[in-house]
Every structure is written in C-alpha cells, then in structure tokens.
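Below you'll find the structure, written out as structure tokens, and then a few comments.
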Amino acid sequence: MEHQGSLPQLLHTTLQEYHTEDSLTYKEVTFDLGTNTKLAQWIRKAGRLGTRLAAWDFRRKIIFVTVHSEVTRGDLFAGKNEGGEDVVATAIEDFMHYVFAPPLHELVHASTLFMLTCGHLVVFEESFMAMKQAITCLRPEYTILFTTPDFISAVTKMFTVAYSIQVLVQGHTFHEILLDLLNVSLDLCMHTDVLFIHISGLHPPKPPFGLRTHTPIVAFSPSIAVVPFGHGPNQNVT
C-alpha cells in the first residue's frame, strides 16, 4: 500500500477536524505471512497489537485491508517466500484467520471492514463462499469489498470522503445510504465491482448526539509494492 494519500489516511484526515487525539486512533500495519517463520512473527505481533487496542473502549472501528488476489482462484497474496522473490498466495479463509489472529479478531467484531482487492475476488464461487464464511466468523457489522483486476484507489476517494461525512460525522446509517454514496463518483461504477455485507444486531444503541466516542482506523497491507493501472468491470451491488 502506498501510505501517502491512501484511503485510510484520507479518512483519518477528514475525521481529524471532528475529533481530538483522545477520541481518534490511527494505525498502519504491514504483514508478511509468506513463510512459517514470518507467520509466527506476525501472530506474536498481532497478539501485542490486539492487546493494546483492547485497552481502549471503541465506539466505532474502521478497518482497511489492501491486498492483491491470484487471478486463477482468487486466493489472496499473503507475503513473500523464503528468498523474497516470489509472492505466496493463500486461501481466503486462511488469510483472514491469520491476518486477524487472536486476540486481534476481537477488533473486527461489530466494525466496518473495507477490503480493497486488486484482482477479482467474488467471480470465483469458492472464493466468494470462503469470504462469506470468514465474515460470518469475524462478524464485522459492515463489510464492503472493492474488487477489480487493476484497482485504482483514487476512484474510491470521493466515496470514502462521503462515507466519513455522512456516516461517521452526520450519523446516517451505512446500509440505508449506500447507493447514495456509490453514486457520488460516476467513475466508481465503471471501475470496480462492489460487494456489501451487513450483519445486524451487533451494535449497542447510538450515544446521544454530540457525545464523543473513541474511533480507531486500522489499515492492514502486505509488504508487497505493486502499482496498478487500467479499468475494471461494471459495478454490482448485492
């Protein structure tokens, strides 16, 4: 992930005007699960991060995962091999299980999860069902997946700003205004497929208007640098 100007940073910048340092946390996390040694190191790192984040009483949790997918099966890139030359791809259910290794998986519960995937994820029935199963286990309140062969994050920036203002600042319900948010950018519908999943009943009632609650933004990305160009298929909203 290119950190400067990324979607998580854009969201963080937009929200800073409405929060103090005590009510807004921003974390960027890089993972590499390409070997057994790297995986063991990540699990320890995820444990420490999960423990630190668990000390906060979060009202809202926004998580971004930026990753590439393998073109023939939809497996997700997890890191690099022992020599650091080849990319290692893993099944979606394993990828989600290891990236959000306990106790980090507790952060995902009742969160809003953005999956930014350069490469098709939902065109393969097996990978689509595996993602649904992973979401069912992790139980974020909202999951939105942008998935296209050549993902261009700039196309989703207007959507991200509109989401931050209308949902996180003004308090509108995400699933009720989703189509309005998608229509903010005409390029979005021509560039990427969109998959939206909502699990209801996970959040307690909203606090009174004006009451500040702590909000973390956590961005996960692999230690792989790829600069994509091109256009994707038409938008589908489920």
Side-chain angles (χ1 to χ4, degrees), residues 1-31 49-50 52-53 55-68 99-100 104 107-108 110-118 140-148 150-189 191-192 194 196 203 206-207 209-229:
M1 180 179 71
E2 179 60 43
H3 299 290
Q4 185 174 1
S6 67
L7 294 182
Q9 275 201 347
L10 178 63
L11 181 63
H12 180 229
T13 300
T14 305
L15 292 178
Q16 279 182 311
E17 185 177 349
Y18 303 93
H19 286 266
T20 65
E21 292 184 0
D22 293 333
S23 65
L24 183 65
T25 297
Y26 179 77
K27 296 285 186 183
E28 290 182 355
V29 184
T30 301
F31 60 85
L49 177 62
R52 288 198 303 270
L53 293 175
W56 292 89
D57 183 18
F58 293 130
R59 169 62 191 176
R60 288 185 182 274
K61 298 172 289 185
I62 301 101
I63 302 169
F64 287 82
V65 178
T66 305
V67 69
H68 293 261
V99 168
F100 297 110
L104 200 54
L107 177 71
V108 187
S111 68
T112 297
L113 174 62
F114 288 84
M115 294 287 296
L116 312 176
T117 308
C118 189
E141 182 178 18
Y142 296 109
T143 303
I144 186 162
L145 298 95
F146 295 104
T147 169
T148 185
D150 300 298
F151 184 77
I152 303 174
S153 64
V155 177
T156 63
K157 286 188 176 182
M158 292 179 65
F159 173 91
T160 303
V161 172
Y163 161 78
S164 64
I165 295 173
Q166 295 191 36
V167 176
L168 301 179
V169 176
Q170 297 180 351
H172 295 290
T173 303
F174 195 3
H175 64 272
E176 293 179 353
I177 64 166
L178 175 63
L179 291 180
D180 293 335
L181 297 177
L182 292 172
N183 288 330
V184 165
S185 173
L186 296 178
D187 291 331
L188 186 62
C189 65
H191 173 63
T192 181
V194 179
F196 185 82
H203 250 304
K206 293 182 179 180
F209 180 78
L211 179 63
R212 296 296 187 201
T213 53
H214 202 100
T215 299
I217 303 170
V218 185
F220 294 87
S221 63
S223 55
I224 304 170
V226 179
V227 181
F229 294 91

As an exercise, state the distance from [atom1] of [X] to [atom2] of [Y], rounded to the nearest 0.5 Å.
| X | Y | atom1 | atom2 | value |
| --- | --- | --- | --- | --- |
| Leu113 | Ile62 | CG | CD1 | 11.5 Å |
| Ser23 | Arg60 | OG | CZ | 12.5 Å |
| Gln16 | Thr20 | CD | OG1 | 11.0 Å |
| Gln170 | Ser164 | CD | OG | 9.5 Å |
| Glu28 | Ser221 | CD | OG | 7.5 Å |
| Arg52 | Leu104 | CZ | CG | 10.0 Å |

Taking the side chain as every heavy atom from C-beta outward, state whether [X] and [Y] have any atom pair closer than 4.5 Å.
| X | Y | answer |
| --- | --- | --- |
| Leu107 | Lys61 | yes |
| Val155 | Thr192 | no |
| Leu168 | Thr14 | no |
| Tyr18 | Leu24 | no |
| Val67 | Val99 | no |
| Thr112 | Phe174 | yes |
| Leu53 | Phe58 | yes |
| Leu11 | Phe64 | yes |

### Task
Kindly indicate, with the supporting measurements, whether the criterion side-chain contact (heavy atoms from CB on, under 4.5 Å) is fulfilled by Val194 and Phe146.
CA-CA 5 Å; Val194 179; Phe146 295 104; 3.8 Å; yes

#### Entry: Closest non-hydrogen atom pair between Ile217 and Pro8, with its separation
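Closest pair (atom of Ile217, atom of Pro8, distance): CG2-O, 4.2 Å.
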
### Message
Counting the benzene-type ring for Trp, do Tyr163 and Tyr142 have ring centres under 6.0 Å apart?
### Response
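No; Tyr142 has its ring centre 6.0 Å or more from that of Tyr163.
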
### Aromatic plane relationship, Phe100 with Phe220 - under 30° parallel, 30 to 60° tilted, over 60° perpendicular
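Perpendicular.
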
### Query
Which residues pass the side chain to side chain contact (heavy atoms under 4.5 Å, CB included) test with Asp180, sequence neighbours left out?
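Counting only residues at least two positions away or on another chain, Asp180 forms a side chain to side chain contact (heavy atoms under 4.5 Å, CB included) with Ile177.
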
